[in-house]
Amino acid sequence: MPEGHSIHRLARQFTSVFAGQQLSVSSPQGRFAAGAARLDGQTLVAATAHGKQLFLEFDNELFLRIHLGLYGAFDFGGDETFRGASSIGAPRRVGERELADDDGGRGTYAGPPPPKGAVRVRLVAEHGWADLRGPTACEVMTPGEQRAALAKLGPDPLQPNADSEEFVRRLTTRGSPVGLLLMNQEVLAGVGNVYRAEVLFRQRLSPWRTGKALCSEQALELWNDVVSVMGDGVAAGRIVTTRQEHRGDRGVPVPTGEAHYVYKRQGLPCRICGCEVAMTEMAARKLYWCPACQQE
DNA sequence: GGAAAATGATTAT
DNA sequence: TAATCCTTTTCCG
């Protein structure tokens, strides 16, 4: 259940662990058998993320495009070498899982375990493996198709060279509510339901303000906040948007109940003003906000 | 054992 | 706006 920060962590994980390696690619579940056959035995050139899309580039010039959707997830496992290389950074969560300990902890790794459940794709290298379940999209693409897929997406705040001015243009020229625009991947690639609600709160913006009703300074501040808070998400492997001064518990790690201002907090008091956090549906997704702090 | 929910997106009506 | 797809986990009986 990932937003863009999870996908960037996955790209990093794949690069550090599988780049330059020849991979066995299979589809234990069978639904991706034909695609897997086109990639099987190829070497991974690079793993990149744009928004919520993950691209694995192989040296026969084909790309594997993966979109996890609501509940897609990767499992990783392998020997000591693999785990040493893949445990860089903070503990991972959300769209990823803990590394499987399938060598008995004694260096007796003998390959991946029998697949459990519906494994769409299994990628196996010499020292480790990855299993993908439940993705919305999993398809092989040519370079031209990959470029076309990229071209449909707005700027990704997690890319260092992202074009913030392009985001400002796309946001402030549209008449739909900013609560919808933030979820629109043509406007901004990578934000999902949690970051939408949290960033709007942090900026004290009503979800019903239209893009056109925002000035470019407000839009840029919104962008900068997304960059900051999603960057933290990449580092931590979870979404924490509350500032320390707004938490009762100042401990580390931040308790689950203190991580958000409004997301899934309907009926609870706003951390700033004490009013009840509200919830409604916007475009079939649950939207959380503070009616007092985020007025039109 | 079964239903519901979940950090998503596309397609049809 | 509604239906549909994909899978696991959690909660309820």
Side-chain angles (χ1 to χ4, degrees), chain A residues 1-10 27-33 35-36 49-54 64-76 91-98 100 115-122 130-139 145 148-154 156-158 176-177 179-202 207 226 229-242 254 256-257 259-266 279-289:
Chain A
M1 294 163 278
E3 299 192 22
H5 68 299
S6 298
I7 313 307
H8 279 263
R9 284 176 63 85
L10 283 171
S27 178
Q29 173 202 51
R31 293 188 49 173
F32 187 62
H50 192 116
K52 299 170 190 172
Q53 318 256 345
L54 176 67
L64 178 58
R65 180 182 77 96
I66 292 164
H67 193 303
L68 295 180
L70 261 183
Y71 41 71
F74 271 104
D75 284 332
F76 294 95
R92 68 183 70 71
R93 280 285 154 238
V94 184
E96 315 160 61
R97 298 167 207 244
E98 288 303 316
K116 279 198 265 298
V119 177
R120 184 78 60 86
V121 184
R122 167 167 280 188
D131 279 355
L132 170 64
R133 291 162 223 272
T136 287
C138 174
E139 61 176 338
E145 292 169 331
L150 241 34
K152 288 182 189 164
L153 299 168
D156 177 350
L158 290 176
S176 45
L180 284 181
L181 291 171
L182 285 184
M183 299 276 281
N184 183 340
Q185 303 298 299
E186 293 175 21
V187 173
L188 178 63
V191 164
N193 207 17
V194 181
Y195 281 124
R196 161 181 69 172
E198 293 297 304
V199 170
L200 287 176
F201 179 87
R202 286 167 56 101
V226 172
V229 86
M230 289 191 77
D232 291 347
V234 174
R238 61 186 289 227
I239 301 177
V240 176
T241 55
T242 47
V254 176
T256 310
H260 306 139
Y261 284 107
V262 291
Y263 180 72
K264 278 194 171 170
R265 293 194 70 245
Q266 74 273 26
M279 191 273 285
T280 186
E281 298 240 336
M282 182 184 263
R285 305 300 303 277
K286 288 185 175 174
L287 168 68
Y288 305 85
W289 84 106

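Any value given below was found using the heavy atoms of this structure, including those in side chains, with hydrogens, waters and symmetry copies removed. Order of the sequence lines fixes the chain letters, A, B, ..., with proteins taken first and strands second; residue numbering starts at 1 for each chain.
- Rounded to a whole Å, the CD atom of A:Q185 is 4 Å from the P atom of B:dA9.
- For A:F201, the ring pair (Phe, Tyr, Trp, His ring centres under 6.0 Å) partners at least two apart in sequence or on another chain are A:Y261.
- When the P atom is compared between C:dA2 and B:dA5, the two are found 16 Å apart, to the nearest whole Å.
- Side-chain contact between A:L180 and A:M282: present, with at least one pair of heavy atoms (C-beta onward) separated by less than 4.5 Å.
- Atom CD1 of A:I66 and atom P of B:dG8 are 18 Å apart (whole Å).
- Distance check on atom P: C:dC6 versus B:dG1 gives 23 Å, rounded to whole Å.
- When the salt bridge (charged side-chain N to carboxylate O under 4.0 Å, His left out) test is applied to A:E145, no partner is found at least two apart in sequence or on another chain.
- B:dA9 and C:dT9: their P atoms are spaced 22 Å apart (whole Å).
- For the pair A:M183 CE and B:dT10 C1', the computed distance is 14 Å after rounding to whole Å.
- OP1 or OP2 of B:dT7 sits under 4.0 Å from a side-chain N or O of A:R285.
- For A:K52, a side-chain nitrogen or oxygen approaches OP1 or OP2 of B:dA9 to under 4.0 Å.
- In terms of the side chain to side chain donor-acceptor pair (under 3.5 Å) criterion, A:E186 has no residue partners (sequence neighbours excluded).
- In this structure, the CD atom of A:Q53 is 8 Å from the P atom of B:dT10, given to the nearest Å.
- Distance check on atom C1': C:dT8 versus B:dT10 gives 22 Å, rounded to whole Å.
- Taking atom CD on A:E281 and atom P on C:dT1, their separation rounds to 11 Å, with Å as the unit.
- Within the nucleic acid shown, A:K264 comes within 4.0 Å of sugar-phosphate atoms alone, with no base atom in reach, counting heavy atoms only.
- Rounded to whole Å, atom P of B:dG8 lies 13 Å from atom CG of A:L188.
- In this structure, the CG atom of A:L181 is 16 Å from the C1' atom of B:dA9, given to the nearest Å.
- A distance of about 23 Å separates the C1' atoms of B:dT7 and C:dT1, rounded to the whole Å.
- Here the P atom of nucleotide B:dG8 and the CG atom of A:L54 are 16 Å apart, to the nearest Å.
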For nucleotides 5-7 of chain C, list the nitrogen or oxygen atoms of the protein found under 3.5 Å from its nitrogen or oxygen atoms, one pair per line.
{"unit_1": "C:dC6", "atom_1": "OP1", "unit_2": "A:R31", "atom_2": "NH1", "d": "2.9"}
{"unit_1": "C:dC6", "atom_1": "OP1", "unit_2": "A:R31", "atom_2": "NH2", "d": "2.7"}
{"unit_1": "C:dC6", "atom_1": "O5'", "unit_2": "A:R31", "atom_2": "NH1", "d": "3.0"}
{"unit_1": "C:dC6", "atom_1": "O3'", "unit_2": "A:R120", "atom_2": "NH2", "d": "3.1"}
{"unit_1": "C:dC6", "atom_1": "N1", "unit_2": "A:Y71", "atom_2": "OH", "d": "2.3"}
{"unit_1": "C:dC6", "atom_1": "O2", "unit_2": "A:Y71", "atom_2": "OH", "d": "3.2"}
{"unit_1": "C:dC6", "atom_1": "N3", "unit_2": "A:Y71", "atom_2": "OH", "d": "2.2"}
{"unit_1": "C:dC6", "atom_1": "N4", "unit_2": "A:Y71", "atom_2": "OH", "d": "3.0"}
{"unit_1": "C:dT7", "atom_1": "OP1", "unit_2": "A:Q29", "atom_2": "NE2", "d": "2.1"}

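- For A:Y288 and A:H260, the ring centers are positioned 6.0 Å apart or more.
- A search for side chain to side chain donor-acceptor pair (under 3.5 Å) contacts involving A:N184 returns nothing, not counting sequence neighbours.
- Qualifying side chain to side chain donor-acceptor pair (under 3.5 Å) partners for A:Q29, counting only residues two or more places apart in sequence or in other chains: A:R120.
- Contact check, A:H67 against B:dG8: no side-chain N or O comes under 4.0 Å of OP1 or OP2.
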